[in-house]
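Only one structure is covered here, and it is reproduced in the block below.
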There are 2 protein chains.
Amino acid sequence: MATLKDISAELGLSVATVSRALNGFPEVNQKTRDKVQEAADRLGYRPNRVAQRLVTGRSGMVGLIVKIRPDMSADQTFFEVLTGLTAGLAARDTDLVLAVDQGDDPVGPYRRMLEKNILDGFILNEPIVDDPRVAFLQKQKIPFVLHGADRDDPDYPFYTIDNQAVTADAVDMLAHLNHRRIALVNGKLHHHYAHERLEGFLKAMGRHGLASDLVKTETKFDSEGYLAALELLAQADAPSAFICASTPIADGVIRAIRDKGLRVPEDVSVIAHDDAMPLTRAVNFDPALTVTRAPLRDACVPLANMLMDHLNGTPAVDLQVTVKADLIVRGSTGPAPKGGTWT
Amino acid sequence: MATLKDISAELGLSVATVSRALNGFPEVNQKTRDKVQEAADRLGYRPNRVAQRLVTGRSGMVGLIVKIRPDMSADQTFFEVLTGLTAGLAARDTDLVLAVDQGDDPVGPYRRMLEKNILDGFILNEPIVDDPRVAFLQKQKIPFVLHGADRDDPDYPFYTIDNQAVTADAVDMLAHLNHRRIALVNGKLHHHYAHERLEGFLKAMGRHGLASDLVKTETKFDSEGYLAALELLAQADAPSAFICASTPIADGVIRAIRDKGLRVPEDVSVIAHDDAMPLTRAVNFDPALTVTRAPLRDACVPLANMLMDHLNGTPAVDLQVTVKADLIVRGSTGPAPKGGTWT
DNA sequence: ATTCAGATTTAAAACGTTTTGAAATTTTCG
DNA sequence: CGAAAATTTCAAAACGTTTTAAATCTGAAT
């Protein structure tokens, strides 16, 4: 494998000049730069990443720890994130090293990876409220970025969506359609985003002067959404609209609505938040699902770039991104039935 | 972070001695070795892997490319392999870097990873017959190990199970139970192991003087096993025993047997090959499934070690491992019905 | 005391890159 | 033309480790 020295010998230039020529430094003469580039191509030069990393003091590797269930399966989101992150990091000459977390100690895998003394930083995902991993990495002064947030006003780099707006937008839209009994089928409250969604929901309902007694929480799978919706629909003054934490939950909710003999959207409207996972495509619902949409995938490249920038010294406050989800109106929402309810 | 120089300064020793002391070289005095170890612990020394890798000429990273389906899901085997390999490689101070293959060009991802000039070698899995990746890596002279085999008598390092024995053992056992009509529900023939299983089956049937006309191939999922078994059971002189390529296929086959109103094992015996994946546990079948068992997981640490040994110069011929699967007799096999068939 | 062998330690080179500070070259302009 | 300025190149140091070849020390045998 050709090295800088080989090129410098070939051309009678110093190694320093060759290095600068190839790295686009402005002070090298265009003619020598061309010569160097030509020789590099001809000799098939590829920089030795290890040497680069030694001198720059970086390992060029960041860690991602994937939580897997006892049955060795993982969230469907995993490959989505893996694909996006490896691509985003590769563009910054960085590799992703994975470890698997099967245990109950949330920081154990992080500690073990740090002991190997090989990582420049971490990417954290699926945070829980006041995530112990955040505390651990902050104490160890290890750079990281968080996909999501684990608290209000974090002081670390993160990329998240505006989760209050997710539910608030849904409420606003449904209220404009004259819905007055709006239910929220929320995710697990050990996730901070579920708190945000709840808060956004409550505030928005308050603004519209609506009672927000129709809240179910701790749902994750479609079956749980199904059960939650059944219960909500069974009570007096039942909801005419559901806001669902995810498309799988919406799937369960719609099933419950139909099992009750009701129609979507004529009797009951359904809106969900959509991570745009390939398996449960909101557009393939019948009727196509109205959603607040924020593809998980969109987060990957920004996350990769933010971590690299953070490693290069950009302070955390400049690396805090909150994006708004798109509201996409499709067929699963419509005007409230006359009287505001089907009951 | 403390370096060798820090320790050497602390103790008034040379860097060389410190390095040797910590790496267990025999020529260092026990007293100095102890002093060095103490100082290293006290200063919290961790070797800089990047520096080690520069001088040893290794990157300390090997590649694994995971094929994922268009829906972004992957084989259930993936996490099993990922967990085992990362553990096995970690023991040899090596990291696994993943890339995702979503395309149609089988060698593209490998070429792209090589261009980044960062990998010491590859681990290949799920080979197809005459795998183009093998040809590519051999031409590029990139070290790799293969989990499985893609041809007879390979000239590269591999770890596989004796797939002829898998079916041969099953046939032998069933023949001893007086079965004469034995069916094989085999996997896809673009995998070399399916050829081996077929060959083992044919040879063994021949040895027992049995006709081997009951062969289905190209099955992978339980539904395909179900259909294959239905067809086989529909014909005259139907099988009294099934050899299945996997536990999911056995699941489908058993369903078909029962849908035909037959019992396992009284009317029809079923044996499968078992990769010991956590989701489909053979022991949880009803009746518990008789299997040839070779946990996928068992391959991971040997594969990791073989690749590292290969990188260290061990020739390929010394790194070719074929293990035999265990035959585990449980409740799904029994003596052939009187007359050798239930028809 | 001298010599030798063995045990232990050392200085220095090497890995391939980036970067610093200085030197050499070219250009500008009075 | 000559000096100053700007441009371009260079030698050397640095990153942290391993390894080679040489040096030093120890103790025993002469």
Length of the CZ-C1' vector between B/Arg58 and D/dT18, whole Å: 13 Å

First encountered from the 5' end of DNA chain C, between B/Ala16 and A/Val55: B/Ala16

Nearest-Å distance for atom pair CG/P, residues B/Leu54 and C/dA13: 17 Å

Separation of D/dG16 C1' from B/Met1 CE (nearest whole Å): 13 Å

Spacing between A/Asp6 atom CG and C/dT17 atom P, to the nearest angstrom: 9 Å

Atom-pair distance (CZ on B/Arg33; P on C/dA7), nearest Å: 14 Å

Minimum heavy-atom distance between B/Met113 and B/Phe122, given as atom pair plus value: CB-CZ, 4.0 Å

Comparing B/Pro47 and B/Glu27 on DNA chain D - which has the more 5′ nearest nucleotide: B/Pro47

Nearest non-hydrogen partners of A/Val15 and A/Lys5, listed with the distance: CG2-CA, 4.2 Å

Between C/dT17 (C1') and A/Ile7 (CD1): distance, integer Å: 12 Å

Touch class at under 4.0 angstrom, heavy-atom based, for B/Thr17 against every strand present: base

Distance, rounded to the nearest Å, where A/Lys31 contributes NZ and D/dT7 contributes P: 17 Å

A/Gln52 vs C/dG16: side-chain N/O to OP1/OP2 distance below 4.0 Å: no

Pair of N/O donor and acceptor under 3.5 Å linking D/dT18 base with B/Arg49 side chain: no

Donor on one side chain, acceptor on other, A/Asn117 and B/Arg49, under 3.5 Å: no

N/O (side chain, A/Ser19) to phosphate O (OP1/OP2, C/dT18) under 4.0 Å: yes

Side-chain N,O (A/Thr3) to OP1/OP2 (C/dG16) below 4.0 Å: no

Donor-acceptor pair, side chain of B/Ser59 and main chain of B/Ile118, under 3.5 angstrom: yes

side-chain N/O B/Asn23 vs D/dT18 OP1/OP2, d < 4.0 Å: yes

Value in whole Å for how far the P atom of D/dT8 lies from CG of A/Asn29: 5 Å

Verdict with supporting geometry, B/Lys116 and A/Asp93, salt bridge (Lys or Arg N to Asp or Glu O under 4.0 Å): CA-CA 8 Å; B/Lys116 289 169 52 189; A/Asp93 276 331; over 6 Å; no

B/Val15 side-chain proximity, nearest of D/dG16, D/dT18, C/dT17: D/dT18

